[in-house]
Engineer: 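So that we are looking at the same thing, I have put the structure below in structure tokens.
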Amino acid sequence: MLSSASNRVLTFTLQFSSSLKFLPKTHIDYRPRSLHSSIMSSASRSSPREALLDDSGCGGPITLEEWQRWGCISPVPAMVNAVIQDLKLLENNIDAHMVFGGNGGKLQGDFKIQEDKKHRARYETLADSDKKFQFYSARQIACRLLGSRGYLCQKCWLPMEDCMCSKVKPSSLWHGIKFWVYMHPKDFLRQNNTGKLLWQVFGVQAATLCLYGISEDEEIMWNAFKDAGKAKVWCLYPNHNNAPKTVQDAFSHQISADMECAYSLTNKDRPLNFVLIDGTWSNSAAMFRRVKEQAKLAWGEEDIPCISLATGASAMHKLRPQPSWDRTCTAAAAISVLAELQLLPECSTHGLDKQAEAVEDALIVLLEVLTTRRLRMGRSITRKVRHSRDIC
């Protein structure tokens with residue numbers, strides 16, 4: 001076990017080093033698709049989609065089976081189904097169908113106007129700020145679920161014609177580690193999201209999705225943290241309020257005595273828990289505050305020190321540039337954690353480098369699929385670099 005001196009929640013910041021690079025493996029081989037395929041996929045993109053209210057199109061709530069096919073492990077959130085029921089009632093009352101466009105979850109047309117009025121009125125009736133927050137999250141997720149039915153693959157969250165599932169090779173994550181992908185509702189079912197790759201590669205028990213603002217999900221995650229103890233919980237986020245430490249600085253004084261015990265087979269049910277905050281940088285600050293608030297409720301302390309990670313630039317920088325090079329995508333952050341731990345002698349026998357490589361390979365597959373899709377749609381495959389003054 002880790003010593004009592006380390007009984008605190010830790011946060012990683014990301015710093016880039018030339019010693020760990022993931023870009024050399026990136027090679028994009030563009031294979032043109034048939035004309036028929038291009039025409040059909042173009043039509044599916046341009047046409048608005050009416051919501052399917054269950055797999056049979058007969059109406060009804062989200063079932064547990066459907067919910068968990070999207071990558072979730074929790075029960076179906078009660079508030080999500082309540083929102084879906086309200087949407088169905090409104091659809092019947094105004095004699096208009098729910099229509100979604102874009103990448104799913106975006107209501108369109110007259111129904112959107114009426115739904116906006118109704119949900120704003122409902123929001124104002126919620127006096128408790130936490131209830132408002134939960135309602136906001138549930139509505140985002142409900143719309144994304146309905147707008148994605150029959151359009152996105154439930155495993156890889158890509159349009160059916162671009163499904164990448166057959167190209168992703170599963171891998172077993174060492175039992176001493178568990179990832180928690182703490183995801184903002186606006187990133188749920190997002191096609192270029194990289195957090196989803198972790199459970200595609202390692203499975204939902206080794207890399208578990210927790211949706212921000214969904215009480216059923218957050219309860220599962222924090223119950224696991226309380227059971228493990230705060231010495232075994234880390235949050236991956238660039239907290240600039242505290243001086244960062246390297247993995248070596250944080251663990252070298254205790255790792256030789258405690259690491260083997262902490263990671264032994266007798267403790268395999270109590271892994272080290274790594275929280276990856278998965279959302280845009282503008283949303284992540286609020287998510288991080290919620291993590292600190294929950295930590296204070298659980299352990300009476302919200303101070304979250306930082307650990308810096310030497311990492312290479314994510315392959316996704318090609319399509320999704322970050323505000324600066326010390327910020328990277330969720331999958332690349334997980335790669336960095338595994339790579340840094342692999343360098344510690346006590347962890348070198350657990351094959352963490354191979355597990356990092358499996359995530360890297362999946363990340364490259366995602367980049368290739370998204371790039372090919374952009375080319376087929378006639379869109380640019382390069383993105384303007386933002387905040388270049390922050391890039392070092």
Side-chain angles (χ1 to χ4, degrees), residues 9-11 61-84 130-131 133-142 144-145 154-155 157 173-189 193 195-237 267-279 283-284 286-299 302 304 330 333-334 337:
V9 184
L10 298 178
T11 298
I62 299 292
T63 64
L64 179 62
E65 181 182 4
E66 179 185 356
W67 175 248
Q68 294 187 345
R69 282 204 303 265
W70 291 110
C72 308
I73 68 164
S74 64
V76 182
M79 194 169 289
V80 169
N81 264 338
V83 169
I84 291 174
D130 199 53
K131 289 293 184 184
F133 165 59
Q134 291 177 13
F135 176 71
Y136 164 81
S137 297
R139 179 178 174 272
Q140 286 282 336
I141 290 166
R144 288 171 182 271
L145 285 168
Q154 290 186 273
K155 291 185 178 180
W157 298 0
L173 181 65
W174 174 46
H175 59 72
I177 291 175
K178 181 177 175 66
F179 287 118
W180 295 85
V181 183
Y182 192 38
M183 184 178 294
H184 194 275
K186 288 189 174 181
D187 258 61
F188 183 57
L189 307 188
N193 177 276
K196 63 188 178 184
L197 298 176
L198 297 182
W199 64 80
Q200 278 192 276
V201 173
F202 298 129
V204 295
Q205 297 303 321
T208 299
L209 171 63
C210 176
L211 289 165
Y212 173 63
I214 299 301
S215 58
E216 289 87 347
D217 281 23
E218 293 182 329
E219 183 178 359
I220 289 173
M221 184 172 76
W222 281 97
N223 283 343
F225 292 170
K226 292 173 186 177
D227 183 59
K230 58 185 175 181
K232 289 192 174 183
V233 180
W234 283 261
C235 183
L236 192 63
Y237 187 77
N267 286 311
K268 64 182 179 181
D269 59 328
R270 301 271 181 98
L272 297 173
N273 296 271
F274 291 98
V275 184
L276 299 109
I277 295 182
D278 191 352
N283 291 327
S284 65
M287 299 174 71
F288 183 52
R289 284 196 300 271
R290 187 164 178 85
V291 169
K292 293 195 295 183
E293 291 168 359
Q294 294 297 315
K296 188 171 184 178
L297 290 175
W299 300 306
E302 68 173 23
I304 304 179
T330 303
V337 172

Engineer: Could you tell me whether the side chain of Val204 reaches within less than 4.5 Å of the side chain of Gln68, counting heavy atoms only?
Structural biologist: no
Engineer: Within the 4.5 Å heavy-atom criterion, are Val233 and Trp299 side-chain neighbours or not?
Structural biologist: yes
Engineer: Evaluate side chain to side chain contact (heavy atoms under 4.5 Å, CB included) for Trp199 paired with Ile73, printing each intermediate quantity in order.
Structural biologist: CA-CA 11 Å; Trp199 64 80; Ile73 68 164; over 6 Å; no
Engineer: Of the non-hydrogen atoms in Pro61 and Asn81, which two are nearest, and what is the gap between them?
Structural biologist: CB-OD1, 3.2 Å
Engineer: Over all heavy atoms of both residues, which pair between Thr330 and Ile277 is shortest? Give the atoms and the distance, please.
Structural biologist: OG1-O, 4.2 Å
Engineer: To the nearest 0.5 angstrom, please state how far the CD atom of Glu293 sits from the CZ atom of Phe288.
Structural biologist: 11.0 Å
Engineer: Answer yes or no: is there a side-chain heavy-atom contact under 4.5 Å between Asp278 and Cys210?
Structural biologist: no
Engineer: Within a strict 4.5 Å, meaning less than it, do heavy atoms of the Pro185 and Ile141 side chains meet?
Structural biologist: yes
Engineer: Could you go through the salt bridge (Lys or Arg N to Asp or Glu O under 4.0 Å) check for Arg144 and Asp187 one step at a time?
Structural biologist: CA-CA 10 Å; Arg144 288 171 182 271; Asp187 258 61; over 6 Å; no
Engineer: Which class fits the ring pair Phe188 and Trp157: parallel under 30°, tilted 30 to 60°, perpendicular over 60°?
Structural biologist: perpendicular
Engineer: Of all the heavy-atom pairs spanning Val76 and Glu216, show the shortest one and how long it is.
Structural biologist: O-OE2, 4.3 Å
Engineer: Would you say the side-chain atoms of Arg139 pair up with the backbone N or O of Val83, donor to acceptor, closer than 3.5 Å?
Structural biologist: no
Engineer: What pairs with Tyr182 under ring pair (Phe, Tyr, Trp, His ring centres under 6.0 Å), at least two apart in sequence or on another chain?
Structural biologist: Tyr212
Engineer: If every non-hydrogen atom of Pro271 is compared with every non-hydrogen atom of His175, which pair is closest and at what distance?
Structural biologist: CB-O, 3.4 Å
Engineer: Would you compute the distance between atom NZ of Lys186 and atom CD of Gln140 and round it to the nearest 0.5 angstrom?
Structural biologist: 5.5 Å
Engineer: State, to 0.1 Å, how close Leu209 and Gly71 come at their nearest heavy-atom pair, and which atoms those are.
Structural biologist: CB-O, 3.9 Å
Engineer: For the backbone of Glu219 and the side chain of Asn223, can you confirm whether one donor and one acceptor N or O come within less than 3.5 Å of each other?
Structural biologist: yes
Engineer: State the CZ-CG distance between Phe133 and Asp130, to the nearest 0.5 angstrom.
Structural biologist: 7.0 Å
Engineer: Of all heavy-atom pairs between Cys72 and Trp67, which one has the smallest distance, and what is that distance?
Structural biologist: CB-NE1, 3.3 Å
Engineer: Working to the nearest 0.5 angstrom, can you tell me the gap between Lys232 NZ and Lys178 NZ?
Structural biologist: 14.0 Å
Engineer: Which is it for Thr208 and Met221 under the side chain to side chain contact (heavy atoms under 4.5 Å, CB included) test, yes or no, and what are the steps along the way?
Structural biologist: CA-CA 9 Å; Thr208 299; Met221 184 172 76; over 6 Å; no
Engineer: Rounded to the nearest 0.5 Å, how far apart are OG of Ser215 and CE of Met79?
Structural biologist: 7.0 Å
Engineer: Quick one: CD on Gln294 to SG on Cys235, what's the gap to the nearest 0.5 Å?
Structural biologist: 12.5 Å
Engineer: Apply side chain to side chain contact (heavy atoms under 4.5 Å, CB included) to Asn273 and Phe225, showing your working.
Structural biologist: CA-CA 7 Å; Asn273 296 271; Phe225 292 170; 3.7 Å; yes
Engineer: Kindly indicate whether the side chain of Leu276, heavy atoms from C-beta on, has any atom under 4.5 Å from the side chain of Leu198.
Structural biologist: yes
